[in-house]
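As the structure lists them, so they are numbered: ligands from 1, and atoms in each ligand from 1.
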Amino acid sequence: MKTIRIAVIGAGVWGDTHAAIYREHPLVEPVAVCDKNAQKAQALAEKYGLSRVYSSVDDLLADGDFEAVSIVTPDFLHADIAVRCAEAGKHMLIEKPLATSREDVFRIVEAVKKAGVRAMVDLHNRWSPPFTEAKRLIEEGELGSLRNAYFRLNDIRWVATDMLPWAASSSILWFLGSHSFDTLQWLFGDRVTRVYAVSSRGILDSLGVETEDTFLSTLEFANGGIAQMENGWITPDANPCVNDIKCTLTGDRGMVAIDASNHNLIQFFSHEKVTVPDILVRNQIHGRVKGFAYESIRSFVDKLALDEPFTVSLEDAASTSLAILAIMESARTRMPVEVDYGPLG
Ligand SMILES: NC(=O)c1ccc[n+]([C@@H]2O[C@H](COP(=O)([O-])OP(=O)(O)OC[C@H]3O[C@@H](n4cnc5c(N)ncnc54)[C@H](O)[C@@H]3O)[C@@H](O)[C@H]2O)c1
């Protein structure tokens with residue numbers, strides 16, 4: 001099978017994740033990296049043996065000698081790059097969220113359609129083992145009709161204060177809420193029609209990161225299911241995991257309860273604290289990358305090579321961004337908001 005030549009745009013924390021699996025994938029030839037910070041681009045190129053290094057997307061696209069790109073720039077900087085890559089005929093794996101404004105969502109969807117390229121958004125919780133198992137149980141009817149769900153997906157506050165230099169220009173809803181919303185719409189197999197949300201802020205503001213601390217969002221699905229999402233960036237830094245992930249899914253025949261962070265398959269004790277090492281998301285076994293954060297990227301390549309539909313459709317990623325905009329509006333107005341999917345229907 002022919003290899004796919006891929007360029008990575010954005011050489012930060014998560015660009016490294018994309019480059020790591022591309023280096024291993026037998027169907028990929030990772031060829032180029034682009035970051036507006038030339039030093040970061042150079043460092044990633046050296047780490048993964050990429051020969052072509054660019055500090056502007058224009059220069060990368062002028063080179064053009066590749067079939068696909070990973071877009072791994074900050075949340076609010078996906079749209080212009082995605083539209084230009086689509087116009088240049090490149091297939092795309094876009095980091096979540098697809099985009100952070102209604103206009104940008106539809107600009108990308110239109111550009112992809114017009115150019116006839118393929119695009120997937122890296123909503124990778126669909127590859128997380130406890131959630132894929134929950135999906136199997138739901139599909140096999142073990143839960144009966146899914147009636148309600150609770151999904152907590154929080155980060156320790158270090159992610160907002162130290163890890164992401166751009167946290168104040170984004171929101172925990174874009175950063176993690178996009179995962180929880182997409183997971184719920186996938187598990188329910190249904191569209192969310194109405195949302196009602198509240199938010200609070202103050203802790204991150206006081207630490208110099210001007211964004212909301214936490215959101216509680218209620219979702220109503222078209223077929224009567226209901227769900228509650230909790231997304232916060234203020235879990236204390238001493239939490240044993242970077243993420244705090246809890247989920248219950250209740251149907252009329254059964255219930256699934258997930259604790260994907262404090263699973264206690266392994267604990268590490270130092271003299272200062274106890275941690276639960278990551279063995280699910282991004283880990284290595286004998287020098288090879290494992291974990292569901294790599295599986296979603298691997299799947300993008302496999303589906304592209306086999307010309308099969310992606311596990312996350314562009315429509316689902318678009319509806320996730322549109323619903324999060326509705327959640328933000330609801331939190332602002334303290335009123336329920338109908339989600340307007342526009343031409344997506
Ligand atoms: N799937 C996941 O769970 C997951 C986890 C972490 C991050 N992400 C996503 O990945 C994306 C990047 O996050 P990150 O943590 O790597 O951020 P980061 O700040 O570490 O890296 C972003 C990089 O993009 C570069 N950049 C900014 N504008 C650019 C431009 N116009 N052209 C080229 N490069 C540009 C920056 O210089 C920086 O190096 C975000 O959308 C984030 O939500 C996803």
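Under 4.0 Å is where a charged nitrogen must lie from a carboxylate oxygen, and between Arg147 and Asp252 no such pair does. A salt bridge between Lys303 and Glu308 is present, with a side-chain N of the basic residue lying under 4.0 Å from a carboxylate O of the acidic one. Salt bridge status for Arg157 with Asp213: absent, with no side-chain N to carboxylate O gap under 4.0 Å.
In terms of protein heavy-atom proximity, atom 20 (O) of ligand 1 is nearest to Val13 N, 3.0 Å. The single protein non-hydrogen atom nearest to atom 14 (P) of ligand 1 is Trp14 N, 4.0 Å, given as residue, atom name and distance. Closest protein heavy atom to atom 25 (C) of ligand 1: Asp35 OD2, 3.3 Å. With hydrogens left out, the protein atom closest to atom 11 (C) of ligand 1 is Thr73 O, 3.2 Å, a heavy atom. Residue, atom and distance of the protein heavy atom nearest to atom 2 (C) of ligand 1 are His124 CE1, 3.4 Å. What sits closest to atom 31 (N) of ligand 1 on the protein, heavy atoms only, is Ile81 CD1, 3.9 Å. The protein non-hydrogen atom at the shortest distance from atom 42 (C) of ligand 1 is Asp75 OD1, 3.3 Å. In terms of protein heavy-atom proximity, atom 10 (O) of ligand 1 is closest to Glu95 CG, 3.3 Å.
A donor-acceptor contact shorter than 3.5 Å links the side chain of Ser319 to the backbone of Asp316. A donor-acceptor pair under 3.5 Å is formed between the side chain of Asn231 and the backbone N or O of Leu153.
Near Lys40, meaning under 4.0 Å from one of its heavy atoms, ligand 1 places the atoms 38 (C), 39 (O). Each of the following atoms of ligand 1 lies closer than 4.0 Å to a heavy atom of Phe175: 6 (C), 7 (C), 42 (C), 43 (O). Each of the atoms 1 (N), 2 (C), 3 (O) of ligand 1 lies under 4.0 Å from some heavy atom of His179. Residue contact check: Pro74 has heavy atoms under 4.0 Å from atoms 22 (C), 24 (O), 27 (C), 41 (O) of ligand 1. Each of the following atoms of ligand 1 lies closer than 4.0 Å to a heavy atom of Lys36: 27 (C), 28 (N), 29 (C), 33 (C), 34 (N), 35 (C), 37 (O). Counting atoms of ligand 1 from 1 in the listed order, those under 4.0 Å from a heavy atom of Leu164 are 15 (O). Taking a cut-off of under 4.0 Å to the non-hydrogen atoms of His78, the atoms of ligand 1 that pass are 41 (O).
With rounding to the nearest 0.5 Å, the separation of CG in Asn154 from SG in Cys241 is 12.5 Å.
The ring of Phe151 has its center closer than 6.0 angstrom to the ring center of Phe131.
Counting heavy atoms closer than 4.0 Å to ligand 1, residue Leu77 contributes side-chain atoms (C-beta onward) but none from N, CA, C or O.
In terms of polar-atom proximity, defined here as any N/O pair under 3.5 Å, Asn37 makes no such contact with ligand 1.
A parallel orientation is assigned to the rings of His179 and His124, their planes being inclined by less than 30° (bins at 30° and 60°). Taking the six-membered ring for Trp and thresholds of 30 and 60 degrees, Phe221 and Phe188 have nearly parallel ring planes, at less than 30 degrees apart.
Defined by atom type and a distance below 3.5 Å, a donor-acceptor pair is missing between the side-chain atoms of Thr193 and Glu220. Between the side chains of Tyr22 and Ser70, at least one donor N or O sits under 3.5 Å from an acceptor N or O.
Heavy-atom distances between Trp166 and ligand 1 reach below 4.0 Å in at least one pair.
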